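Source: prediction; values computed, not measured.
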Amino acid sequence: MSTPWLHVIGIGEDGVEGLPAATRALIAGAELVVGGTRHLGLARPLITGRTLAWPHPLADGIAEVLRWRGRCVCVLASGDPFLFGIGTTLRRHVERAEMTCLPAPSCVALACNLLGWAEQDASVLSLCGRPMEAVAPALQPGGRLVVLSADEHTPHAFARWLDGRGFGASVLHVLGALGGPDQSHHTATVVETARGDGPLPPRLNLMALEVVADRNAQVIPLACGLPDGMFDHDGQITKREIRAVTLSALAPRRGEMLWDIGGGSGSISIEWMLRHPANRAIAIEKSPARGARIARNALALGVPGLRVMAGEAPAILPRMRAEGLDAPDAIFLGGGISNPGMLEAAWDVLRPGGRLVANAVTLESESAVIAAHARRGGTLTRLHVERLEPIGRFHGFRPGMTVTSYAVGKPA
């Protein structure tokens with residue numbers, strides 16, 4: 001079926017009066033009109049067919065929409081349906097040729113125009129169904145963020161969280177019911193908002209943040225090789241300098257999947273995901289305590305989507321593939337390299353064209369990577385780092401353990 005039957009229509013706070021005549025005609029002629037209760041109320045003067053308010057769970061509503069396939073259906077959304085909206089969800093179930101999308105100005109466009117911000121320079125995020133920690137990587141001094149709120153209580157909670165991370169001097173604009181007759185705009189510092197100063201915004205609101213970092217603000221650097229102190233760990237961590245070189249060898253690209261075998265503190269997985277919001281990672285860790293620590297580190301550093309799997313490699317690797325998990329584009333082996341069959345099992349599950357990096361620190365693991373290099377080629381690099389440390393009243397460079405790093409690409 002290629003004739004469009006599903007029409008996804010963006011509607012603003014000004015209601016049907018703000019819609020073009022052709023769009024109004026689509027709503028009036030629809031056999032089924034679907035949307036939130038607020039959307040249906042805005043379009044009520046035009047609706048002649050049946051209506052459906054989105055149920056909980058949403059999947060039940062999607063199933064009902066699909067039962068009307070081939071008949072004229074309109075789905076109403078706020079502003080741009082493809083900006084954290086229902087359009088993206090529907091597109092997973094409906095071919096593009098079967099649907100049309102008629103957006104209204106998005107809330108982000110309205111906010112940026114109201115504030116005089118260049119929209120392309122603002123980072124757009126959402127706290128609808130997402131933890132506040134997901135915003136952490138975007139908190140860069142001088143940055144501008146547009147953040148969609150979950151409800152009227154989000155700005156206060158968000159400001160308290162920001163203040164706790166050292167961004168109390170930032171300026172927070174809370175914008176409600178944009179584009180409608182009840183539009184509101186309240187501006188205050190994060191500290192003032194955290195105290196509860198100012199009126200409670202309407203349930204439909206967004207926040208625009210001008211980031212100002214205090215002296216001790218928790219700013220996540222943009223470079224590879226975060227300070228070791230940013231991770232909670234028990235000593236099982238790929239040290240900063242080695243980690244930077246390791247991430248370079250893993251060469252993350254947008255949307256790729258990493259399997260981090262022997263996750264430790266999760267530092268490699270976390271930095272992999274910080275390289276791009278679309279990147280994914282699974283940290284495999286046999287210790288429950290370390291697995292919980294990895295999850296805490298991931299949340300604190302703004303990548304709550306990091307998945308932690310309990311299990312021991314190499315036995316768990318083929319099971320993960322059998323369960324339908326995406327094959328890794330890259331694999332990092334930070335431990336257990338000398339375990340029988342470890343390198344072979346990792347190589348077998350690696351996607352063609354993928355990269356494998358293994359860091360060896362013992363003679364046994366070094367022998368294993370040297371043997372793998374003889375079989376498959378790749379590169380072997382010796383990494384040796386010395387750090388200045390106090391020695392009584394004096395100072396000297398104390399060497400860390402030498403790391404032999406093996407990196408190899410799997411033929412496509």
Spacing of [atom1] belonging to [X] relative to [atom2] belonging to [Y], to within rounding of 0.5 Å:
X	Y	atom1	atom2	value
M257	I282	CE	CD1	4.0 Å
W347	L333	CH2	CG	12.0 Å
I391	L388	CD1	CG	8.0 Å
H153	R203	NE2	CZ	8.0 Å
E192	T187	CD	OG1	10.5 Å
N359	F332	CG	CZ	4.0 Å

So, do [X] and [Y] sit near enough that their side-chain heavy atoms are less than 4.5 Å apart?
X	Y	answer
H186	P201	no
N205	P155	yes
F82	C101	yes
S365	V369	no
P252	H276	no
M99	V75	no
V385	K239	no
W54	V65	yes

Exercise: identify the closest heavy-atom pair between [X] and [Y]:
X	Y	answer
S106	E119	OG-OE2, 4.4 Å
L306	A283	CD1-N, 4.1 Å
I220	L301	CD1-O, 3.3 Å
I9	L19	CG2-CD2, 4.5 Å
L343	A372	CD1-CB, 4.0 Å
E285	G291	CG-N, 3.8 Å

Ignoring hydrogens and angles, tell me if any N or O in the side chain of [X] forms a donor-acceptor pair with the backbone of [Y] under 3.5 Å.
X	Y	value
Q140	P137	yes
R321	L325	yes
D80	P103	no
S184	L175	no
D151	T154	yes
R355	A249	no

>> With salt bridge (charged side-chain N to carboxylate O under 4.0 Å, His left out) as the criterion, how do R69 and E95 come out once you've worked through the C-alpha distance, each side chain's angles and the decisive distance to 0.1 Å?
In response: CA-CA 11 Å; R69 185 181 237 114; E95 292 295 329; over 6 Å; no
> Crowded around R275 CZ? As in, over 12 foreign heavy atoms under 6.0 Å?
Replying inline: yes
>> Counting only heavy atoms from other residues, nucleotides and ligands, does the tally under 6.0 Å from CZ of R387 exceed 12?
In response: yes
>> Over 60° means perpendicular and under 30° means parallel, so tell me whether W117 and H173 are parallel, tilted or perpendicular.
In response: perpendicular
Hey, are [X] and [Y] close enough for a salt bridge, meaning a charged N less than 4.0 Å from a carboxylate O?
X	Y	answer
D228	R240	no
R253	D329	no
E366	R382	yes
R144	D121	no

> Residues two or more places apart in sequence or in another chain: which of them pass side-chain hydrogen bond (donor to acceptor under 3.5 Å, both in side chains) with T238?
Replying inline: none
>> We want to know whether R38 and S78 form a side-chain donor-acceptor pair, criterion being a heavy-atom distance below 3.5 angstrom.
In response: yes
With a cut-off of 3.5 Å and sequence neighbours excluded, list every side-chain donor-acceptor pair involving residues 264-272.
residue : atom : partner : partner atom : Å
S265    : OG   : S267    : N            : 3.4
S269    : OG   : D260    : OD2          : 2.8
E271    : OE1  : G225    : N            : 2.9
E271    : OE2  : G225    : N            : 3.4
E271    : OE2  : L226    : N            : 2.8
E271    : OE2  : R243    : NH1          : 2.6
W272    : NE1  : E256    : O            : 3.4
W272    : NE1  : R280    : O            : 3.0

> Step by step, would you call V303 with L274 a side chain to side chain contact (heavy atoms under 4.5 Å, CB included)?
Replying inline: CA-CA 7 Å; V303 289; L274 284 172; 3.9 Å; yes
>> Walk me through whether K286 and I316 qualify under side chain to side chain contact (heavy atoms under 4.5 Å, CB included).
In response: CA-CA 10 Å; K286 64 181 180 180; I316 193 175; over 6 Å; no
> How far apart are the C-alpha atoms of E133 and R296, what are their side-chain angles, what is the distance that settles it, and do they pass the salt bridge (charged side-chain N to carboxylate O under 4.0 Å, His left out) test?
Replying inline: CA-CA 11 Å; E133 287 81 1; R296 292 196 301 270; over 6 Å; no
> Hey, mind stepping through F158 and T193 against side chain to side chain contact (heavy atoms under 4.5 Å, CB included) and telling me if it holds?
Replying inline: CA-CA 9 Å; F158 186 51; T193 308; over 6 Å; no
> Can you name the salt bridge (Lys or Arg N to Asp or Glu O under 4.0 Å) partners of E386, sequence neighbours left out?
Replying inline: none
> Given V403 and V245, is the side chain to side chain contact (heavy atoms under 4.5 Å, CB included) satisfied, shown in steps?
Replying inline: CA-CA 11 Å; V403 175; V245 175; over 6 Å; no
